[in-house]
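In what follows, a single structure is set out as C-alpha cells and then discussed.
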Amino acid sequence: MTGQRTLATAGRVLRQLRHDPRTIALMLVVPCLLMTLLRYVYDGQVQIFDHVAPVLLVLFPFTVMFVVTSVAMLRERSSGTLERLLTTPMAKGDLLAGYALAFSVAAVIQVGLVMVLAVGPLGLQIHGGLGALATVALLDALLGTVLGLFLSAFANTEFQAVQFLPAFVLPQLLLCGLFAPRAQMLPILSWLSDVMPLSYAVDAATRAATSSMWTSALTTDVLVVAACIPLFLGLGAGTLRRRTP
Amino acid sequence: MNAIEVSHLRVVRGGRVVLPDLSCTVSSGTIAGLLGPSGSGKTTLIRAIVGVQRVASGHLSVLGKPAGSPELRRLVGYVTQTPSVYGDLTVRENLAYFATMAGVASSAVADVIETVSLGALSSTQVAQLSGGERARVSLAAALLPSPKLLVLDEPTVGLDPVLRQELWDLFHQLAGKGVTFLISSHVMDEADRCQRLLLLREGAVLADATPAELLQRTQSADLEAAFLRLIEAEVSI
C-alpha cells in the first residue's frame with residue numbers, strides 16, 4: 001500500500017463526484033432539509049427535537065455514505081475498472097482506503113453543514129461538546145462507507161445494492177434505541193441490538209449530546225464503532241479477488 | 001522464446017466447461033491473432049493468460065512466470081472488450097489516475113494520449129466520446145506501463161476503417177520494438193494483419209499457423225473460407 005495511490009484514488013472518487021453536481025446537492029441539501037423538517041415536526045416539543053436531532057445527525061452520514069459507496073463500488077465492478085485496477089501493482093488497501101478517505105471528506109462537509117444549521121437557526125440545544133458529536137458523526141460516516149464497500153460485493157445490480165438499505169440499515173435503525181429503549185426490548189432483540197454497530201453509534205451520539213463530560217461509556221461506544229471500521233474494511237478487502245470465476 | 005505457454009488448460013465457468021484441455025504457445029515479439037466465433041472461449045483464454053480467470057487445472061506461463069504473478073502486473077497490458085474506464089472523468093483524468101495506480105510517471109499520460117491520437121479530446125468526459133474513442137482511452141490506459149505483452153480483446157470492434165488501420169500500424173510498430181500481441185477478433189479480415197493465427201472453436205484449438213500456411217493447407221482464397229473449410233473437415237492442421 002502506498003500513500004500516493006490511496007490519495008490518487010480518493011482524488012479520483014471526489015473528481016467523479018464533482019462531475020455529478022446533482023449527487024453533491026442531494027448529499028448536502030437533503031440532510032439539511034430533513035433536519036429542518038424534524039425541527040418543525042416537533043415545533044411545540046423542543047425537548048424531543050433536542051433528543052432526536054443528535055441521533056439524526058449521525059444517521060445521515062451513515063445512511064448516505066452507505067448507499068453512495070455501495071453503488072460506486074458496484075459500478076467499479078460492473079464497468080470493468082475494478083478488474084483493470086486489480087491487474088495493476090496496486091494493493092487492494094489502496095483502493096479501499098482511497099474510497100474511505102474520499103467519502104470522509106464528503107462526510108465532513110455534510111456533517112458540518114447540518115450541524116451549523118441545527119445548532120444555529122434551528123436552535124438545537126446540545127449539552128455536550130460539539131467536537132464529540134462531530135467525531136461520532138464522522139466515525140459513523142466511515143462505518144457507512146466500509147459497510148457499503150463490503151456489502152456491494154453481494155449485489156449484482158444497482159437495484160440490489162439500493163435494496164441493501166432497507167435490508168441492512170433499517171433493522172439497525174429499528175433496534176438502535178431510537179424507537180424503544182434497548183434494555184426494554186425482547187431478549188433476542190436486545191441481543192441483536194447489542195451486536196449491531198449502529199446501536200453503539202446512536203448511543204455515542206446521545207451521550208455526546210447530553211453530557212458535557214467525555215464519559216467512559218462514550219469512550220466504549222466510540223471504540224466499538226471505531227473497531228468495526230477496520231473489521232469491515234478487512235472483510236471488504238476479502239471480497240476483492242484478483243481472480244474471478 | 002515463447003511469451004505465452006499454455007498447456008492442458010481447463011476452465012469451468014458457471015458449471016459449463018469452456019476450455020476442456022487447451023494447449024498453445026505464442027512466441028515473443030509476434031502479433032498473434034486469436035480468432036473464432038463468439039462463444040468459442042476467446043475471452044476466457046485471454047482472462048486466464050492475464051491472470052484474472054480462476055482455472056480448474058493446467059499450466060500457464062507468461063513471460064516465463066506463472067500467469068497472474070505479481071511481477072507480471074507491470075509487464076502485461078490488458079484491454080477488455082468493453083472499455084474499462086471511468087465515464088464520468090475526462091480522458092486525461094482517467095489516464096492520470098491509472099498511471100499512478102500502475103506506478104508510472106505522469107509524463108507517460110501525454111505520450112499515450114498522443115499514441116492513440118486523442119490529443120484534441122483529452123479534456124472531454126469519456127461518457128461524451130464515441131464508442132471507438134472510448135476504446136482508445138481503454139487501450140491508452142493499457143499502454144501506460146509500456147508492457148512487454150499486450151492482450152487485447154476485440155480492440156477494433158466498431159472502429160472505422162481509417163482508425164482500424166492506424167491502430168494496426170501502431171500494433172506493428174510496437175511489435176517491432178519487441179512487444180508481443182495477442183489480439184482476439186471474430187472478424188476474419190483482421191486475421192490478415194496477424195503474423196500467427198490461433199483458431200478457436202468450442203474451447204479447442206482448431207489451427208495454429210501463419211495466415212499463408214492456413215490458406216495453402218486449406219486451399220482457400222481467403223481466411224474466412226479457410227476457417228469454414230476447417231470446421232467442415234473438423235481436422236486439425
Chain A contact via B:Gln125 - side chain, backbone, both or neither, heavy atoms under 4.5 Å: side chain
Heavy-atom proximity to chain B below 4.5 Å, by part of A:Leu82: neither
Check: B:Asp88 and A:Asp20 side chains under 4.5 Å, non-hydrogen atoms: no
Max heavy-atom pair count under 4.5 Å with chain A, selected residue of B:Ala48, B:Ala141, B:Gly68, B:Ala142: B:Ala141
Nearest-0.5 Å distance, CZ of residue A:Arg12 to CG of residue B:Asn94: 9.0 Å
Side-chain donor or acceptor of A:Arg243 paired with backbone N/O of B:Val52 under 3.5 Å: no
Flag side-chain contact, heavy atom, 4.5 Å: B:Arg73 against A:Thr88: no
Approximate separation, where rounding is to 0.5 Å, of A:Gln16 CD and B:Leu89 CG: 4.5 Å
B:Pro145 versus chain A, the contacting section by heavy-atom distance below 4.5 Å: neither
Spacing of CZ belonging to A:Arg18 relative to CD belonging to B:Glu93, to within rounding of 0.5 Å: 6.0 Å
A:Arg84 side chain to B:Ser138 backbone, donor-acceptor under 3.5 Å: yes
B:Ala96 portion near chain A, given a 4.5 angstrom heavy-atom threshold: neither
Shortest non-hydrogen contact between A:Arg5 and B:Ala102, atoms and distance: NH2-C, 4.1 Å
Audit row: A:Thr87, B:Val50, side-chain contact (heavy atoms from CB on, under 4.5 Å) steps and yes/no: CA-CA 8 Å; A:Thr87 58; B:Val50 180; 4.0 Å; yes
Within 6.0 angstrom of B:Glu71 CD, more than 12 heavy atoms from elsewhere: yes
Pairwise distance OG1(B:Thr100) to CE(A:Met90) - rounded to 0.5 angstrom: 12.5 Å
CD-OH distance between A:Glu76 and B:Tyr86, expressed to the nearest 0.5 angstrom: 3.0 Å
Option that, when pairs with chain B are counted at under 4.5 Å, heavy atom only, ranks first among A:Arg241, A:Glu83, A:Arg75: A:Glu83
Which atoms of B:Tyr97 approach chain A - backbone, side chain, both or neither, heavy atom under 4.5 Å: side chain
Option among B:Arg13, B:Arg54, B:Arg47 that satisfies the side chain to side chain contact (heavy atoms under 4.5 Å, CB included) test with A:Thr244: B:Arg47
